[in-house]
Every structure is written in structure tokens, then in C-alpha cells.
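First the proteins, then the strands, lettered A, B, ... as listed; each starts at 1.
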Amino acid sequence: IAGITQAPTSQILAAGRRMTLRCTQDMRHNAMYWYRQDLGLGLRLIHYSNTAGTTGKGEVPDGYSVSRANTDDFPLTLASAVPSQTSVYFCASSDGSWTDTQYFGPGTRLTVL
Amino acid sequence: SQQGEEDPQALSIQEGENATMNCSYKTSINNLQWYRQNSGRGLVHLILIRSNEREKHSGRLRVTLDTSKKSSSLLITASRAADTASYFCATDKKGAQKLVFGQGTRLTINP
């Protein structure tokens, strides 16, 4: 089924550990995004990539890094996890720019203890 | 504060009734989008309305946009149990290079 896949579905992580959340899309979309969703705060953009080889910072980038080596994959890395990074993480993509329809993955529920 | 803010925060209605959710925003936009999120799932795009459009329909959905009031509404007609979800508006604030999501309206359709 075409779309976006994310892995893992959920993860419990000890503080200080490194973690990479995976995101893959098969729609050949140029742009990809990472959001976190927290109760009462809605979705907030962490990082984005307008096209393969480029990335940019969103609203809450601190503590996170991304790479975009190819069109399909957009991994999000937490170098040293902290409890405030406990959240649900969504990857999304869009065919054109950030103003276009975004297609979301199913999310990764991350708990940092 | 959020660029897009939904109102009400929660809405509970009987199946078959119409549901109306509102979104207000603060600055000029190119487009406004509405998304649905079922519990435990990712967001699903419902409809995009451009700043030069006033109304748009998709099935049982009707979206209006009033740029003078910086507000939009989403109407779901003849609601069904399957419409139970959270609904978010998202605005592409000019110059911001990102979509900004509101905190959502949690809609419950009672059988």
C-alpha cells in the first residue's frame, strides 16, 4: 500500500540513549516533515526537508537531527534522549511545497524514562 | 500562541446531526487545510481551501473561509459514528515556510 511507513510503532527509551526514528515514503514526494504531537500543544514541526539533500529547522529542533540522503527516507535522530522528548512523532510528506496537502505516517509513540 | 485555533475544543452530538467546527488564525495565509485524526492514528487530509476561495465542498464536508475575519469553518452534515475523531485546521502562514496546526476539536458522534 502506497504511503508513509514509520518504525518503530512504539518505543520505551532510557534517558541519555540515542534513538533513530525511521520514516519511508513511496510516493516520490519531494518534501518531508517531522512533527511531534503533545497533549494541549497540538502538532509542532521539528525538522523538514524540501528535497533530497536539504534539510531545515522547524519550530522545535533542539535535541533532534535529520538527514535526507535520498527521496524516500527521512530518519529523525535523538542524540541523547531526555524525558521531555516523550511524545508521539509523525512523519509526513508532500508532493510540492509545505503549502500543499501533507500525507502522514501512523506515528511513533516514544517514552523516555 | 497558535496561528490556527479551533473552537470548540470538544463537541458531542447525536448521529445524524450536523457538526460545525471553527478555526481562527492571526496572519495572512495562502491556504487553509483541514485534517482528521482518528484515535491512535496519523492525520488524514480532508480539504484545502485557497485564500481566494470562499467555500469548498467534498462529500458531506463543507468548508468556508472568511479572510476578512481570518476564520474558517468545517461543517460535517448528517454525521456518522465513523466521524468521531479530532479535527485540525492548518494554516500556511506567509513567510513562515511551515504549516501551523491548531490544537484541534475533538468530535464525538453518539449513536
Side-chain angles (χ1 to χ4, degrees), chain A residues 1-7 9-10 21 23-25 27 29-51 54-61 66 87-110, chain B residues 1-10 21 23-53 56 58 61 63 65 72 85-106:
Chain A
I1 298 175
I4 295 184
T5 57
Q6 293 184 236
T9 302
S10 65
L21 308 185
C23 174
T24 300
Q25 54 110 353
M27 297 174 283
H29 284 172
N30 285 321
M32 296 187 75
Y33 316 87
W34 273 105
Y35 294 91
R36 58 178 289 173
Q37 185 176 34
D38 303 287
L39 202 62
L41 294 174
L43 274 85
R44 293 179 292 169
L45 182 67
I46 304 171
H47 284 288
Y48 65 92
S49 169
N50 289 330
T51 189
T54 70
T55 62
K57 294 182 179 180
E59 186 181 352
V60 288
V66 291
S87 186
V88 181
Y89 292 85
F90 289 100
C91 180
S93 70
S94 63
D95 190 20
S97 75
W98 48 279
T99 64
D100 294 328
T101 298
Q102 293 190 11
Y103 298 83
F104 283 77
T108 293
R109 182 174 296 275
L110 181 67
Chain B
S1 60
Q2 296 285 343
Q3 160 77 334
E5 295 186 4
E6 289 91 344
D7 156 63
Q9 290 188 352
M21 290 157 273
C23 171
S24 61
Y25 57 92
K26 293 181 170 57
T27 63
S28 295
I29 61 172
N30 297 303
N31 306 319
L32 185 143
Q33 304 183 41
W34 284 93
Y35 289 79
R36 183 187 75 230
Q37 185 180 32
N38 291 89
S39 182
R41 302 289 190 93
L43 278 72
V44 174
H45 180 259
L46 295 176
I47 201 161
L48 180 153
I49 187 164
R50 302 191 187 282
S51 59
N52 62 354
E53 297 176 309
K56 207 161 181 179
S58 177
L61 306 181
V63 169
L65 179 64
S72 173
S86 291
Y87 292 82
F88 295 87
C89 69
T91 53
D92 59 347
K93 182 179 173 182
K94 286 186 178 179
Q97 288 259 327
K98 63 179 180 179
L99 273 187
V100 179
F101 288 82
Q103 295 185 30
T105 292
R106 190 171 62 256

*Quick one: which of Ala92(A), Gly107(A), Pro106(A), Cys91(A) has the most heavy-atom pairs under 4.5 Å with chain B, could you say?*
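Sorted descending by pairs with chain B, the first entry is Pro106(A).
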Nearest-0.5 Å distance that lies between atom [atom1] in [X] and atom [atom2] in [Y]:
X: Tyr35(B); Y: Phe104(A); atom1: OH; atom2: CZ; result: 5.5 Å
X: Leu39(A); Y: Gln103(B); atom1: CG; atom2: CD; result: 9.0 Å
X: Asp100(A); Y: Asp92(B); atom1: CG; atom2: CG; result: 9.0 Å

_Heavy-atom closest pair, residues Leu99(B) and Gln102(A)_ =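 Reported closest heavy-atom pair: CD1-NE2, 3.4 Å.
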*Which heavy atom in Phe88(B) sits nearest to a heavy atom in Leu43(A), and how many Å separate them?*
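Phe88(B) and Leu43(A) have their closest heavy atoms at CE2-CD1, 4.4 Å.
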*Examine whether an atom of Gln9(B) lies under 4.5 Å from a heavy atom of chain A, and if so say whether it belongs to the side chain, the backbone or both; otherwise answer neither.*
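Neither part; nothing is under 4.5 Å.
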*Who pairs with Asp38(A) by side-chain hydrogen bond (donor to acceptor under 3.5 Å, both in side chains), at least two apart in sequence or on another chain?*
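side-chain hydrogen bond (donor to acceptor under 3.5 Å, both in side chains) check on Asp38(A) returns Arg36(A), Arg44(A), Ser87(A).
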*Given that the side chain runs from C-beta out, which part of Asn50(A) has a heavy atom under 4.5 Å from chain B: side chain, backbone, both or neither?*
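Side chain of Asn50(A) only, per the 4.5 Å heavy-atom cut-off to chain B.
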*Measure Tyr35(A) against the heavy atoms of chain B and call it side chain, backbone, both or neither at under 4.5 Å.*
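Only the side chain of Tyr35(A) comes within 4.5 Å of chain B.
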_Residues in salt bridge (charged side-chain N to carboxylate O under 4.0 Å, His left out) contact with Lys56(B), at least two apart in sequence or another chain_ =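 Salt bridge (charged side-chain N to carboxylate O under 4.0 Å, His left out) check on Lys56(B) returns Glu53(B).
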*Do other residues, nucleotides or ligands put more than 12 heavy atoms under 6.0 Å from the OH atom of Tyr103(A)?*
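No, the 6.0 Å shell around OH holds no more than 12 heavy atoms from other groups.
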